[in-house]
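Structure, as C-alpha cells:
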Amino acid sequence: QRIKSNGFSGGGTVGYNYQKDKFFVGGEFDFGANRINGSASTTGTYTSFLPLDFTIEQTVKTDWMMTARHRGGIALKKALLYVTGGVAVT
C-alpha cells in the first residue's frame with residue numbers, strides 16, 4: 001500500500017576542498033531535521049482457506065537525516081574529474 005507522508009525538512013551543510021597543484025580532496029557533512037510521518041491501514045479477507053479478515057497497518061516516521069561524503073580528483077584546464085563516496089543515515 002502507498003503511504004502519503006506530510007511534514008517538513010531543513011538543515012545545513014559544511015564542507016571543504018584542498019587543492020595541491022592539479023590534485024584535490026574534499027568532503028561534506030550535512031545534518032537535517034525531518035519531521036516527516038505518515039500511516040496507512042488496509043483490511044482484506046483471506047479466501048484460500050477460511051474466510052478470515054486481516055488488517056495491515058503501516059507507519060513511517062523520521063526525525064533526522066545525516067550524510068557524509070569524501071571526494072578526490074584532478075583539476076584540468078576546463079574540467080574537474082573526481083570520484084566521490086559516502087554514507088547517508090536516517
Side-chain angles (χ1 to χ4, degrees):
Q1 61 189 344
R2 182 168 284 213
I3 297 177
K4 295 181 180 178
S5 62
N6 57 45
F8 73 94
S9 176
T13 302
V14 295
Y16 71 93
N17 285 316
Y18 173 77
Q19 185 172 348
K20 179 77 172 171
D21 298 322
K22 292 183 177 183
F23 300 98
F24 78 95
V25 294
E28 292 179 10
F29 174 83
D30 62 58
F31 188 84
N34 297 318
R35 301 290 184 239
I36 300 173
N37 57 58
S39 62
S41 179
T42 301
T43 300
T45 302
Y46 287 114
T47 58
S48 299
F49 299 104
L50 299 173
L52 300 173
D53 291 338
F54 66 93
T55 301
I56 297 175
E57 294 184 14
Q58 293 175 289
T59 301
V60 175
K61 179 180 178 184
T62 183
D63 294 324
W64 58 272
M65 183 174 80
M66 183 273 304
T67 67
R69 62 195 154 276
H70 296 282
R71 64 183 156 269
I74 186 168
L76 303 175
K77 289 182 181 180
K78 293 187 178 183
L80 182 64
L81 303 175
Y82 66 95
V83 295
T84 187
V87 64
V89 181
T90 186

What are the two closest heavy atoms between Gln19 and Ala75, and how far apart are they?
NE2-CB, 3.8 Å

Looking at OG1 of Thr43 and CG of Asp53, how far apart are the two atoms once the value is rounded to the nearest 0.5 Å?
7.5 Å

Anything under 30° is parallel, anything over 60° is perpendicular, the rest tilted; go ahead and classify His70 against Tyr16.
perpendicular

With sequence neighbours excluded, tell me which residues meet salt bridge (charged side-chain N to carboxylate O under 4.0 Å, His left out) with Arg69.
Glu28, Asp30

Taking all non-hydrogen atoms of both residues into account, name the closest pair between Trp64 and Asn34 and its distance.
C-ND2, 3.7 Å

For the atom pair CZ (Phe29) and OG1 (Thr67), what is the distance rounded to the nearest 0.5 Å?
7.5 Å

Over all atoms of both residues, closest heavy-atom pair of Gly27 and Arg71:
O-NH2, 3.8 Å

I'd like to know if Phe23 and Val83 are part of one continuous hydrophobic network [Ile/Leu/Val/Met/Phe/Trp/Tyr, side-chain heavy atoms within less than 4.5 Å].
no

Quick check: does any side chain N or O of Ser39 sit under 3.5 Å from a backbone N or O of Gln58, one acting as donor and the other as acceptor?
no

Less than 4.5 Å apart, any side-chain heavy atom of Asp63 and any of Arg35?
yes

Do other residues, nucleotides or ligands put more than 12 heavy atoms under 6.0 Å from Phe31 CZ?
yes

For Tyr18, ring-ring contact (aromatic ring centres under 6.0 Å, His included) partners two or more places apart:
none

Quick one: pull up NZ in Lys22 and CG in Leu80 and give me the separation to the nearest 0.5 Å.
13.0 Å

Kindly check if the number of other-residue, nucleotide or ligand heavy atoms within 6.0 Å of OH (Tyr82) is above 12?
no

Hey, what do you get for OG1 (Thr45) to CZ (Phe54), rounding to the nearest 0.5 Å?
7.0 Å

